[in-house]
Visitor: 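Sending over a structure as structure tokens; questions will come in a sec.
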Amino acid sequence: MRKNIVAGNWKMNLTFQEAEDLIDEIANGLDEENLKCEVVVCPPAPYLEIASDYADVSRLRAGAQNVSEYEKGAYTGEISAMMLASIELEYCIVGHSERRRYFRETNGQIARKIDRLLDYSIHPIFCCGEVLEEREQNRQFDVVKQQIEESLFHLTSEEFSNIVIAYEPVWAIGTGKTATPAQAQEMHAFIRKLIAGKYGEEAARETSILYGGSCNASNAKELFANPDVDGGLIGGASLKKDEFLKITMSF
Ligand code: 13P
């Protein structure tokens, strides 16, 4: 079901104590009465259970940053969807550009990760987006289309209804260079059209599509005001309590 979502991707940051404090501050700082979005934090794996405990007693929701493409067994260092489900996580980021770039994740691997998550009813937050060179060559639509087709379009309509998409132009991540609201809207509308072509108009209307890339408290309102932008996947600004809470109120 389409809803506004603000999700914090903490990436590889913070100690246990810092994570616990930040989760507590965010959960207690949410203006639950006036909140118009689902708020998700995605801390590093060792801190996920803290977030999950807060999800039991507040409006805060918890998500992981990655999952194994394998079900279980001899895969040292991996974390399975079953494990995430066993601490009742509702979301998991997949296919983040940092994983594609530094860990060589392919669209095929990402497809398998999505399958594992859906086996356990965890909502994948599927990331897509072009690098600077691709945008300069005006290839951003082809790149995003291929990422979506190869990682998502094997799903049935029912499976697809559990997907959240995050458009994250790689040139905007951690650079302070945000996509303009018009650039975000243009790509989000394109993604929605792709979905309509494969799964129909209703599925397209019902999919949450988030923007990510240097989104902060000063630009969130303008980005989220676009008809096809349903919220944000926030990196750096999600580590600052006041900034993140402000973003959650930007609808
Ligand atoms: P920044 O908000 O730090 O640019 O990171 C965005 C991101 O990668 C979220 O997944």
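Counting starts at 1 for both ligands and their atoms, following the listed order.
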Visitor: Taking a cutoff of less than 4.0 Å between a non-hydrogen atom of the residue and any ligand atom, is S97 in contact with ligand 1?
Guide: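 Outside the 4.0 Å threshold, so no.
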Visitor: Starting from atom 7 (C) of ligand 1, which protein heavy atom do you reach first, and at what distance in Å?
Guide: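 The closest heavy atom on the protein side is E168 OE2, 3.2 Å.
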Visitor: Quick check on contacts: which atoms of ligand 1 are under 4.0 angstrom from a heavy atom of G213?
Guide: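 What qualifies from ligand 1 is 4 (O), 6 (C).
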Visitor: Which of the numbered atoms in ligand 1 are below 4.0 angstrom from a heavy atom of H96?
Guide: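 Atoms satisfying the 4.0 Å criterion: 7 (C), 8 (O), 9 (C), 10 (O).
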Visitor: Could you tell me whether a side-chain N or O of E69 sits under 3.5 Å from a main-chain N or O of Q109, the two making a donor and an acceptor?
Guide: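 No, E69 side chain to Q109 backbone: no donor-acceptor pair under 3.5 Å.
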Visitor: I would like to know whether Y199 and F153 meet ring pair (Phe, Tyr, Trp, His ring centres under 6.0 Å); could you show each step before the answer?
Guide: CA-CA 9 Å; Y199 295 104; F153 280 4; 5.6 Å; yes
Visitor: Evaluate K11 for polar contact with ligand 1, using N/O atom pairs at a separation under 3.5 Å.
Guide: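 Looking only at distances, the answer is yes, because the N/O contact criterion of under 3.5 Å is met.
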Visitor: For ligand 1, find out whether one of its N or O atoms is nearer than 3.5 Å to an N or O atom of G236.
Guide: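 In this structure, G236 places an N or O atom under 3.5 Å from an N or O of ligand 1.
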Visitor: Ignoring angles and geometry beyond distance, decide whether E98 reaches within less than 3.5 Å of ligand 1 through its nitrogen or oxygen atoms.
Guide: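 Not met; the criterion fails.
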Visitor: Got a donor-acceptor contact below 3.5 angstrom from the R192 side chain to the A204 backbone?
Guide: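 Pair found, side chain donor or acceptor close to backbone of A204.
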Visitor: Taking C-beta and beyond as the side chain, do I191 and D228 meet within less than 4.5 Å on heavy atoms?
Guide: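 No. Closest side-chain heavy atoms not under 4.5 Å.
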Visitor: Taking side chain to side chain donor-acceptor pair (under 3.5 Å) as the definition, give me every residue that meets it alongside N107, ordered by chain and number, with sequence neighbours left out.
Guide: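 Checked N107 against side chain to side chain donor-acceptor pair (under 3.5 Å); matches are R100, E150.
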Visitor: Heavy atom of A237 under 4.0 Å from ligand 1?
Guide: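 Per 4.0 Å heavy-atom rule, A237 does not contact ligand 1.
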Visitor: Quick one: nearest non-hydrogen protein atom to atom 2 (O) of ligand 1, plus distance?
Guide: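 That would be G235 N, 2.9 Å.
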Visitor: Parallel, tilted or perpendicular: which fits the ring planes of F251 and F224, with parallel below 30° and perpendicular above 60°?
Guide: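 The rings of F251 and F224 lie parallel, inter-plane angle below 30°.
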Visitor: Out of curiosity, is G174 lining ligand 1, as in a heavy atom under 4.0 Å away?
Guide: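 It does, in that a heavy atom of G174 comes within the 4.0 Å cut-off of ligand 1.
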Visitor: Between V144 and I148, is any pair of side-chain heavy atoms under 4.5 Å apart?
Guide: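 SC-SC contact between V144 and I148 confirmed.
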Visitor: Could you walk me through whether R61 and E90 pass the salt bridge (Lys or Arg N to Asp or Glu O under 4.0 Å) check?
Guide: CA-CA 7 Å; R61 294 287 162 261; E90 291 176 53; 3.3 Å; yes
Visitor: Which ligand 1 atoms, with their elements, are less than 4.0 angstrom from a heavy-atom of I173?
Guide: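 Under 4.0 Å from I173, ligand 1 has these atoms: 4 (O), 5 (O), 6 (C), 8 (O).
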Visitor: Which of the atoms of ligand 1 are close to A172, meaning less than 4.0 Å from one of its heavy atoms?
Guide: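 Counting atoms of ligand 1 from 1, those under 4.0 Å from A172 are 4 (O).
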Visitor: Just to be sure I read this right, does ligand 1 sit under 4.0 Å from the backbone of N9, its side chain, both, or neither, counting only heavy atoms?
Guide: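 Answer for N9: side chain.
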Visitor: Sorted by first residue and then second, give each side chain to side chain donor-acceptor pair (under 3.5 Å) pair with at least one member in residues 161-179; sequence neighbours left out.
Guide: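 Qualifying pairs, neighbours excluded: H96-E168, E130-Y167, E130-W171, R135-Y167, T178-N219.
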